[in-house]
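In what follows, a single structure is set out as structure tokens and then discussed.
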Amino acid sequence: MAQPRTMFEKIWSRHAVVARDDGQTLLYIDRHLLHEGSHHAFDMLRKRGLEVRRPDRTFATPDHYVATTGRELSANQDPERRRMVEALEHNAAAARITLFGIADARQGIVHVIGPEQGLSQPGLTIVCGDSHTSTHGALGALAFGIGASDASHVLATQTLWQPKPKTMRATLSGRLGFGVVAKDLILAIIAEIGAGGASGHVVEYAGSAIEGLSMEGRMTVCNMSIEAGAKAGMIAPDDATLSYLEGRPYAPEGEQWRQAETYWRSLPSDAQAEFDREVGLDAGDVAPMVTWGTSPEDAAPITGRVPEPAEEPDGERRAAVERALDYMGLRPGTPLAEIAIDRVFIGSCTNGRIEDLRAAAAVVKDRRAAVPAMVVPGSGLVKRQAEAEGLDRVFTGAGFEWRQPGCSMCVAVNGDLVMPGERCASTSNRNFQGRQGPRARTHLMSPPMAAAAALTGKLTDVRRLAPGG
Amino acid sequence: MEPFTVLTAAAVPIDSPNVDTDQIIPARFLKQPRGDGYGRFLFHDLRRNEDGSLKRDYILNRKPFAQARIMVGERNFGCGSSREGAVYAIVDHGFRAVIAPSFGDIFHNNCCKNGVLPIVVSAGLAAALRGQLHAAPGATMTIDLEAQTLAAPDGAAHDFAVDPFHKHCLLEGLDDIRLTLEYETDIAAFEASASAEAPWL
């Protein structure tokens, strides 16, 4: 009998073009996604006089530098930012790469539109010059972020040299409790294993709590794999994956769908497959999470308190907590639910999909925001869908801003900034120092939790706010 | 890229764990063309006051570390964003090696692509090296990539492991695209059989 294999192993071996004795594999890349940050990679290619080998395997959209105040290029007031969008348009056109430009309803955050367009499929290798490429693993793909040199390598050769990563399985058993969503699950995992806890590993998320997640929820989980240091995150394709994919523009049809389905159904890890490492968590024990520090590992249940550095036995950890609290302007022992905030951001590749907006709108409905709050849909199609459902009116009626799609305040390079010293409740993925703007203070949380914070003006346990349960 | 063989240089200790690439270079500088140089952006917001002046007490601004070409960090150094600009800032500032107990994977790879040698050592050795560098600011270390040894400020020699492929590329200053193009026949053959197996792509 053949050796039992993990899903990762199946995808890896199918894409190995050359395996060298020194441990390096030349891995074939099925899909290469680009955003404005690709300008360095194109410059390198030009310098070497090389062409894009497979423009048909390459897809581009502007997301990082686009203005969210309007869709025309002139809405982008800053000439340098405008130039970034124009450079992508120019590079894509010159290489005959499909571009979902800013005037196109399909434009959006690259990790939202890949799945949305059916570009991200089970069993594919997908790369992008962006660390949150792990998102696409939610469909059962091997997807990971790369730097500019590697992006130029993929543009030129459609391959990458890679050492084989290790495998980890994260089993989330049980069921999510009321008010607890995918974001809470991944923050709980990162808090448990640490910001470098999955370093060098491809993580496969499994177990009943994962199987019970929608595709959007699975994307949220896989998206933040990088915040635990993982090479990639992935989830086995199942009926939910296939019904999500069916009918999407780049998904196969007819006989080709049947062929593809046979391959996709063969992908889940074999029952006896061994992983280099196993971790587990009971989803029923997870409460709505918020971060208090400057690393995604600094996450705790909303019912908890800001940690006491003095109680940290490890000296280096103590110093790190002290530095984080100093930056965040927080006093040890403060109940997390008493922390006042200045603004709210709902959006990003982590939580800018339709389900996220629905969950936030359900909390907001018929209430008023107490602090400035903005909602930035992950793509033009998410925006259109939300408007068809009336979600935009729920948000604007509550005093939230309803913006055009893009990365916006998650990476804060398009002009959407948290001001120095301000505290933001954010559905994004990084609470790093200065991430949302110089001296900005970020608390990460789920869309319903961010919505609840907007209504009360402080970090809030959404379970105490929402009706029912 | 510039080959890496033997480096003797001052080293600077960076004590925090989880130094993310947003700290190494804030995202707002990534629009700059590479030709303009990225060295001035290194640790920009930690290093500078809001008016752009240098903070005198920040470690990289202290005189003994001005010529440093080696960084000794803590666990998960270079985590977060895939921005290669972080490595451009490091190399353009003059650094050629980063030593830490662990690295963000993408950052580690980006280092190798830009002639910067990332060296993984035990947490204990990293802490000891940082301690020696704090005790004797401006102390030098020697890194010999071919021999895979580093000499600490206290003179003790330590072996380190390095991926043979990365070692080869760094020693030769090799560009891996050139190497890959030699496999053109294999890539073309792979594409032919893959498109037969997965015609829907």
Side-chain angles (χ1 to χ4, degrees), chain A residues 17-18 20 22-24 26 28 30 37 40 43 48 50 57 65 80-81 83-84 124 129-131 145-150 152-153 156-159 161 163 194-196 199-200 226-227 229 231 252 256-257 259-260 263 295 297 316-317 319-320 323 411-413 420 430 432-435 438, chain B residues 15-18 20-23 26-28 30-35 45-46 50 74-76 79-88 102-107 109-110 113-114 123 127 163-166 168 175-181 183-184 186-187 189-191 194 197-201:
Chain A
V17 178
V18 175
R20 282 166 50 118
D22 60 10
Q24 291 283 325
L26 188 63
Y28 195 77
D30 292 317
H40 287 299
D43 286 347
R48 292 160 204 264
L50 293 167
R57 296 296 185 105
Y65 293 89
E80 284 193 345
R81 290 184 203 126
R83 214 160 31 238
M84 291 293 284
L124 300 189
D130 191 284
S131 59
I146 55 176
S149 294
D150 274 351
S152 73
H153 190 283
T157 68
Q158 205 57 32
T159 63
W161 291 104
S199 183
I226 182 72
E227 310 314 334
K231 172 88 181 169
Q256 292 200 340
W257 172 274
Q259 252 179 296
Y263 170 52
S295 164
E297 72 182 17
E316 262 162 7
R317 178 67 190 155
R323 268 193 302 270
V411 64
V413 293
R430 290 188 170 135
F432 297 160
Q433 289 191 24
R435 172 77 178 185
Chain B
D15 291 329
S16 315
N18 298 324
D20 55 72
T21 54
D22 275 79
Q23 288 179 59
R28 63 185 184 278
L30 299 171
K31 312 190 272 304
Q32 305 307 318
R34 178 66 205 281
D45 290 354
L46 295 172
E50 266 159 66
E74 238 267 59
R75 71 180 159 87
N76 206 25
C79 61
S81 158
S82 60
R83 62 189 67 170
E84 199 160 302
V87 180
Y88 301 161
S102 57
F103 290 96
D105 281 343
I106 308 174
F107 174 83
N109 196 43
N110 289 342
K113 297 294 162 77
N114 287 280
D163 178 282
F165 180 76
H166 288 150
H168 174 69
D175 151 13
D176 64 352
I177 293 185
R178 217 170 45 200
L179 171 77
T180 308
L181 292 173
Y183 290 91
E184 173 54 34
D186 300 87
I187 299 171
F190 179 92
E191 284 179 324
E197 276 179 46
W200 64 91
L201 287 178

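Throughout, a chain's letter reflects where its sequence line sits, starting with A, and its residues are numbered from 1.
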(request) May I ask you to decide if A/Gly200's main-chain N or O and B/Asp105's side chain share a donor-acceptor pair within less than 3.5 Å? (result) yes
(message) Can a donor-acceptor pair be found, under 3.5 Å and without considering hydrogens, that links the side chain of B/Ser81 to the backbone of B/Thr21?
(response) no
(request) Report yes if the side chains of B/Asp22 and B/Asp45 come closer than 4.5 Å at any heavy-atom pair, otherwise no. (result) no
Pick one of side chain, backbone, both or neither for [X], based on which atoms fall under 4.5 Å of a heavy atom in chain B.
| X | result |
| --- | --- |
| A/Val18 | side chain |
| A/Phe432 | both |
| A/Ser149 | both |
| A/Val411 | both |
| A/Ile146 | backbone |
| A/Arg430 | side chain |
| A/Thr157 | both |
| A/His153 | both |
| A/Asp30 | side chain |
| A/Arg83 | neither |
| A/Gln24 | side chain |

(request) Heavy atoms only, distances under 4.5 angstrom: which of A/Gly23, A/Ala412, A/Ala260 has the most pairs with chain B? Name it, please. (result) A/Ala260
(request) Would you mind telling me which of A/Gln259, A/Met84, A/His40, A/Glu297 has the largest number of heavy-atom pairs within less than 4.5 Å of chain B? (result) A/His40
On a heavy-atom basis, which atom in [X] and which in [Y] lie closest, and how many Å separate them?
| X | Y | result |
| --- | --- | --- |
| B/Arg34 | B/Asn114 | NH1-OD1, 4.0 Å |
| B/Asn76 | A/Ala195 | ND2-O, 3.1 Å |
| B/Glu84 | A/Ala148 | OE1-N, 2.8 Å |
| B/Pro17 | A/Arg323 | CD-NH2, 3.5 Å |

[X] versus chain A, heavy atoms under 4.5 Å apart: side chain, backbone, both or neither?
| X | value |
| --- | --- |
| B/Gln32 | both |
| B/Pro199 | both |
| B/Asp176 | both |
| B/Glu197 | both |
| B/Arg75 | side chain |
| B/Arg83 | side chain |
| B/Ile106 | side chain |
| B/Tyr88 | side chain |
| B/Phe165 | both |
| B/Ser102 | neither |

Mind ranking [options] by heavy-atom pairs under 4.5 Å with chain A and telling me who comes out on top?
| options | answer |
| --- | --- |
| B/His166, B/Glu74, B/Lys31, B/Glu184 | B/Lys31 |
| B/Leu46, B/Leu181, B/Leu30, B/Asp15 | B/Leu30 |
| B/His168, B/Arg178, B/Glu50 | B/Glu50 |
| B/Asn110, B/Thr180, B/Asn18 | B/Thr180 |
| B/Gly80, B/Gly85, B/Ala194, B/Ala86 | B/Gly80 |

If I take atom [atom1] from residue [X] and atom [atom2] from residue [Y], how far apart are they, to the nearest 0.5 angstrom?
| X | Y | atom1 | atom2 | result |
| --- | --- | --- | --- | --- |
| B/Tyr183 | A/Trp161 | OH | CH2 | 4.0 Å |
| A/Asp150 | B/Asn109 | CG | CG | 4.5 Å |
| B/Gln23 | A/Gln433 | CD | CD | 5.0 Å |

(message) Under the rule for side chain to side chain donor-acceptor pair (under 3.5 Å), what residues qualify as partners of B/Ser82, not counting sequence neighbours?
(response) none
(request) Output all residues satisfying side-chain contact (heavy atoms from CB on, under 4.5 Å) with A/Asp130, sequence neighbours left out; order by chain, then residue number. (result) A/His35, A/His64, A/His111, A/Cys128, A/His132, A/Thr133
(message) Quiz question: by atom type and distance under 3.5 Å, do the side chains of A/Glu80 and A/Tyr65 form a donor-acceptor pair?
(response) no
(message) With a 4.0 Å cut-off on N to O distance, would you call B/Asp20 and A/Arg435 a salt bridge?
(response) no
